[in-house]
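Notes follow once the structure below has been shown.
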Amino acid sequence: MHPKARIHADPVREVDHFDCLPDSLVLLILNKVEDVRSLGRCYAVSKRLCGLVPLVHDVYVKIDRVVAVDGDAEDTLNLSSPKPRNIFSHFLKLMLLTIIKPFHSMRNPNGTGRPLFPQLSQHSPAQVLRNFTHVRNLRIELPSGDVGTEEGVLLKWRAEYGSTLQNCVILGGTRVDRKPVGGEHEPSLEDNGSMPESFYTNGGLKLRVVWTISSLIAASTRHYLLRSIINDHPTLRSLVLTDADGQGTLCMGAEQLKEFRENQLSASACSNRTQVPACNMKLKYAPYLELPGGMALQGATLVAIKPSPEGSNGGHPNRKEADGFVFGAFDGPFKAAVKALMKRRTYLLEMNGF
């Protein structure tokens, strides 16, 4: 008696639905990811993603901490070797360490055993970004603001650059408070729309000058650090460099990036930062402002800066465009503060380049 034969059905091959997606749709998904850490992990998943990740258009780099470099080795952003000379020049010798953790131990999925990013021994964001060949919109976030302030002091700035400074707006206040519920602020007798006499005698004007110079140095230092990234990525259309504290933002659009590449960068003689041109400044002041959300700003100050005609490399925006940059510089209650301060009396100042 013959044993019964067993009949086995052919195993059903599972369909990988992800493989059915066209490359254009996968790229659209990767562009929504943005974060360079997550993109690095995607890079190691498969040969297909290994080929698609470098083609993404939108990249976001968050730097968790910075570590100073010892010695004269070439630094991470292609800067020269002299040691920094002031508190803002610490950016000149930075090693950006933690952005590369997801990449550092990865190996190429094609079996060669080589690291995905062999040049990461320098822990450089510029070198990490060189693997992305089609970047159009780049956003970089530093771990903190550059200008030290006392607790409760407000200082925010936004600068627009080409090959040099084009526009800058600074919003400051000696104290940010929560307005008491139901409390009414009695207007100061000195607040008649003009700068009070005490502003000149109690160090108020000097403090605003320090804020202005510090913010311009911070912006020009950030700008100088970006040059290798801009030169390595001709596809860039938008570049934003901000910080986790929300203190300062440097922005460059398509026209500014084009102008940057076409003109020689003017470096400062004293340190590795961009030369700040001679500028005209408009200062507006209010001793007290009530802001939306129950906030109150004391010693509110707005400084709008643009290069003077003899200190610039090109044309200037008209007044409407310049005012538009000022009004659009900040969000939320700080946008309301700018709107209120723009109605105040204007004081004109001039500053030499440095």
Side-chain angles (χ1 to χ4, degrees), residues 27 30-31 34-36 39 53-63 75-80 91-92 94 96 99 124-142 146 157-169 215-243 248-268 272-277 279 305-307 309 311-318 321-322 324-326 328-330 353:
L27 273 173
L30 292 173
N31 278 320
E34 290 188 341
D35 176 59
V36 74
L39 289 172
V53 166
L55 305 181
V56 298
H57 294 160
D58 304 326
V59 177
Y60 164 60
V61 180
K62 182 177 180 181
I63 301 166
D75 59 4
T76 61
L77 290 170
N78 194 27
L79 302 176
S80 55
F91 283 105
L92 306 178
L94 295 185
L96 305 175
I99 67 169
S124 165
Q127 292 174 347
V128 171
L129 290 167
R130 284 176 189 159
N131 295 278
F132 298 92
T133 56
H134 290 66
V135 180
R136 295 181 184 176
N137 305 301
L138 174 61
R139 188 162 52 97
I140 303 174
E141 182 181 293
L142 297 173
D146 314 329
W157 59 266
R158 186 178 183 90
E160 185 178 50
Y161 267 83
S163 62
T164 187
L165 179 68
Q166 294 185 354
N167 276 296
C168 183
V169 59
S215 298
L216 288 172
I217 291 175
S220 63
T221 302
R222 291 188 186 186
H223 180 246
Y224 189 83
L225 299 182
L226 292 172
R227 71 194 192 286
S228 60
I229 293 176
I230 295 172
N231 292 332
D232 288 343
H233 296 277
T235 56
L236 270 178
R237 298 179 184 176
S238 172
L239 175 56
V240 177
L241 178 55
T242 185
D243 57 76
T249 300
L250 184 148
C251 56
M252 301 176 73
E255 290 298 319
Q256 286 81 23
L257 290 163
K258 179 181 177 183
E259 195 259 336
F260 180 96
R261 297 184 182 102
E262 293 175 350
N263 292 280
Q264 184 177 0
L265 191 68
S266 178
S268 170
N272 287 339
R273 60 174 176 81
T274 306
Q275 175 80 21
V276 177
C279 295
I305 306 168
K306 65 178 182 179
S312 65
N313 290 339
H316 291 282
N318 58 39
E321 290 176 339
F325 176 80
V326 173
F330 309 112

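Going from atom CD of Gln275 over to atom OG of Ser163 covers 12.0 Å, rounded to the nearest 0.5 Å. Rounding to the nearest 0.5 Å gives a distance of 7.0 Å between NE2 of His57 and CG of Leu27. The OG1 atom of Thr221 lies 10.5 Å from the CG atom of Leu216; values are rounded to the nearest 0.5 Å. Atoms CG and OG1, on Leu265 and Thr274 in that order, are 4.5 Å from each other to the nearest 0.5 Å. Note that OG1 of Thr249 is 9.5 Å distant from CD of Glu141, once rounded to the nearest 0.5 Å. Taken to the nearest 0.5 Å, the OG1 atom of Thr242 stands 11.0 Å off from the CD1 atom of Ile140.
Pairing each heavy atom of Gly248 with each of Arg222, the nearest pair is O-NH1, 3.0 Å. Summarising the geometry of Phe325 relative to Cys251, their closest heavy-atom pair is CE1-SG, 4.5 Å, with the distance given to 0.1 Å. Scanning both residues, Leu250 and Ala219, for their nearest heavy atoms gives CD1-O, 3.3 Å.
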Criterion side chain to side chain contact (heavy atoms under 4.5 Å, CB included) on Val169 and Asn167, from CA distance to verdict: CA-CA 7 Å; Val169 59; Asn167 276 296; over 6 Å; no

Verdict with supporting geometry, Leu138 and Val240, side chain to side chain contact (heavy atoms under 4.5 Å, CB included): CA-CA 6 Å; Leu138 174 61; Val240 177; over 6 Å; no

Derivation of the side chain to side chain contact (heavy atoms under 4.5 Å, CB included) call for Leu225 and Leu241: CA-CA 10 Å; Leu225 299 182; Leu241 178 55; 5.8 Å; no

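In this structure, His223 contributes its side chain and Gly162 its backbone to a donor-acceptor pair below 3.5 Å.
Using a 4.5 Å heavy-atom threshold, the side chains of Leu165 and Pro277 count as touching. Under the 4.5 Å side-chain criterion, counting only non-hydrogen atoms from C-beta, Leu30 is in contact with Leu39.
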Could you tabulate the donor-acceptor pairs under 3.5 Å formed by side-chain atoms of residues 231-239, not counting sequence neighbours?
residue : atom : partner : partner atom : Å
Asn231  : ND2  : Arg227  : O            : 3.1
Asp232  : OD2  : Arg130  : NE           : 2.8
Asp232  : OD2  : Arg130  : NH2          : 3.4
His233  : ND1  : Phe132  : O            : 3.2
His233  : NE2  : Leu129  : O            : 3.1
Thr235  : OG1  : Val135  : N            : 3.4
Thr235  : OG1  : Val135  : O            : 2.6

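Cation-pi geometry between Arg139 and Tyr60 is satisfied (NZ or CZ under 6.0 Å from the ring centre, within 45° of the ring normal).
In this structure, the side-chain contact (heavy atoms from CB on, under 4.5 Å) partners of Asp58, at least two apart in sequence or on a different chain, are Asn31, Glu34, Asn137.
A donor-acceptor pair shorter than 3.5 Å cannot be found between the side chains of Gln256 and Tyr161.
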